[in-house]
Amino acid sequence: MPVLNDEVPDEGDYDANRRRGEFDHITPEDFIRGSGHGNPPGWLDSDEINRIRRETPMPYVVVVPVRVDDLGRVSSVGSLLCVSEDGSVERTLIAGRVLYHESLREAIARNISKDLGDIALPVLPQSLQPFTVAEFFPTPGISPFHDPRQHAIALCYVVPIPGDCKPQDETLDVEWCDVHGSQLQTCINQMANGYGEIVRRALAWVGA
């Protein structure tokens, strides 16, 4: 649990060794982008996040990127080609954790920028109500969604992307598929761990 005001943390809390008031001058932007002196207070290293993933569900956002025509109708849906942990190339969607002290809207924007670059110019949703909630479990078969690392609860959003995409981080390429084209089902079927089901729900939600 985080320290609030002068609350004294328990020995096992991640911020137990931090002095009181260390959060006083931290802004939401510090938690999203980091600071010039390293990661901000509350940032979790790999060992800590792996421990937490074994003990508690993690909040995520998943973004289905789309292109729209002049009338606002979805014309194509995007997918990311990424390198998986075993070194293979997989087709997936924009997804990432909601960080401490980060709003859902900021999490959506940050994860889009992380994968598509700063000039993708996403049109963020006016409403933060997701079109579906995907429950990822580390055990296969409990739900359509599987994540071997963790139990994650993902809020899913459709976000139009009118700008230029410059793949970043672990994203190798961004591919767009015509929602009325013959390759759509092939693209969806190539998505593992339930991401194809998220795309199906997204297209049904927008009436494509």
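Because the structure is predicted, anything quoted here is derived from the model rather than measured.
Transitive grouping of hydrophobic side chains (ILVMFWY, heavy atoms separated by less than 4.5 Å) keeps Val158 and Ile108 in distinct clusters. Hydrophobic clustering (ILVMFWY, side-chain heavy atoms < 4.5 Å, transitive): Trp176 and Ile112 are in one cluster. Val63 and Leu128 fall within the same hydrophobic cluster, defined by Ile, Leu, Val, Met, Phe, Trp and Tyr side-chain heavy atoms under 4.5 Å apart, directly or through other members. Val66 and Ile188 fall within the same hydrophobic cluster, defined by Ile, Leu, Val, Met, Phe, Trp and Tyr side-chain heavy atoms under 4.5 Å apart, directly or through other members. Both Val133 and Val98 are part of a single hydrophobic cluster, where members link through side-chain heavy atoms under 4.5 Å apart.
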Check the pair Leu184 / Asp178 against side chain to side chain contact (heavy atoms under 4.5 Å, CB included), numbers first and verdict last. CA-CA 7 Å; Leu184 177 62; Asp178 187 337; over 6 Å; no
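Counting only distance, with no hydrogens or angles, the side chain of Glu106 and the backbone of Ser103 share a donor-acceptor pair below 3.5 Å. Between the Tyr157 side chain and the Pro125 main chain, no donor and acceptor come within less than 3.5 Å of each other. Within the 3.5 Å criterion, the main-chain N or O of Asn193 finds no donor-acceptor partner in the side chain of His146. Side-chain atoms of Ser75 come within 3.5 Å of backbone N or O of Arg67 as a donor-acceptor pair.
Using a 30° and 60° split on the angle between ring planes, Phe136 and Phe145 fall in the tilted class, from 30° to 60°.
A donor atom on one side chain and an acceptor atom on the other are found under 3.5 Å apart for Asp118 and Ser113. Side-chain contact of Glu90 with Tyr195: a donor-acceptor pair under 3.5 Å is absent, judged by distance alone.
Counting only heavy atoms from C-beta outward, the side chains of Val64 and Val159 never approach each other to under 4.5 Å. Lys166 has its side chain out of reach of Leu116: every pair of non-hydrogen atoms, C-beta onward, lies at least 4.5 Å apart. With a 4.5 Å cut-off on side-chain heavy atoms, Arg73 and Val68 do not count as touching. At a threshold of 4.5 Å between non-hydrogen side-chain atoms, the residues Ile161 and Val174 do not count as touching. Looking only at side-chain heavy atoms (C-beta outward), Leu155 and Phe131 stay at 4.5 Å or farther from each other. Counting heavy atoms from C-beta on, the side chains of Pro65 and Ile94 come closer than 4.5 Å. Residues Lys114 and Gln168 are not in side-chain contact: their nearest non-hydrogen atoms beyond the backbone lie 4.5 Å or more apart. Using a 4.5 Å cut-off on side-chain heavy atoms (C-beta onward), Cys187 and Cys177 make contact.
Note on Arg91 versus Glu175: salt bridge recorded, some NZ/NE/NH1/NH2 to OD/OE distance being below 4.0 Å.
Considering every non-hydrogen atom in both Met58 and Gln150, the closest pair reads CG-OE1, 3.3 Å. Nearest heavy-atom pair across Pro57 and Ile153 is CB-CD1, 4.1 Å. Closest of all the heavy-atom pairs between Thr92 and Cys82 is CG2-SG, 3.8 Å. Heavy atoms only, all atoms of each residue included: Ser143 and Phe137 are closest at OG-CD1, 3.7 Å. The shortest heavy-atom contact between Pro167 and Cys165 is CD-O, 3.6 Å. For Gly196 against Met191, the heavy-atom pair with the smallest separation is N-CB, 3.5 Å.
Heavy-atom neighbours of Glu55 CD from other residues, nucleotides or ligands within 6.0 Å: above the threshold of 12.
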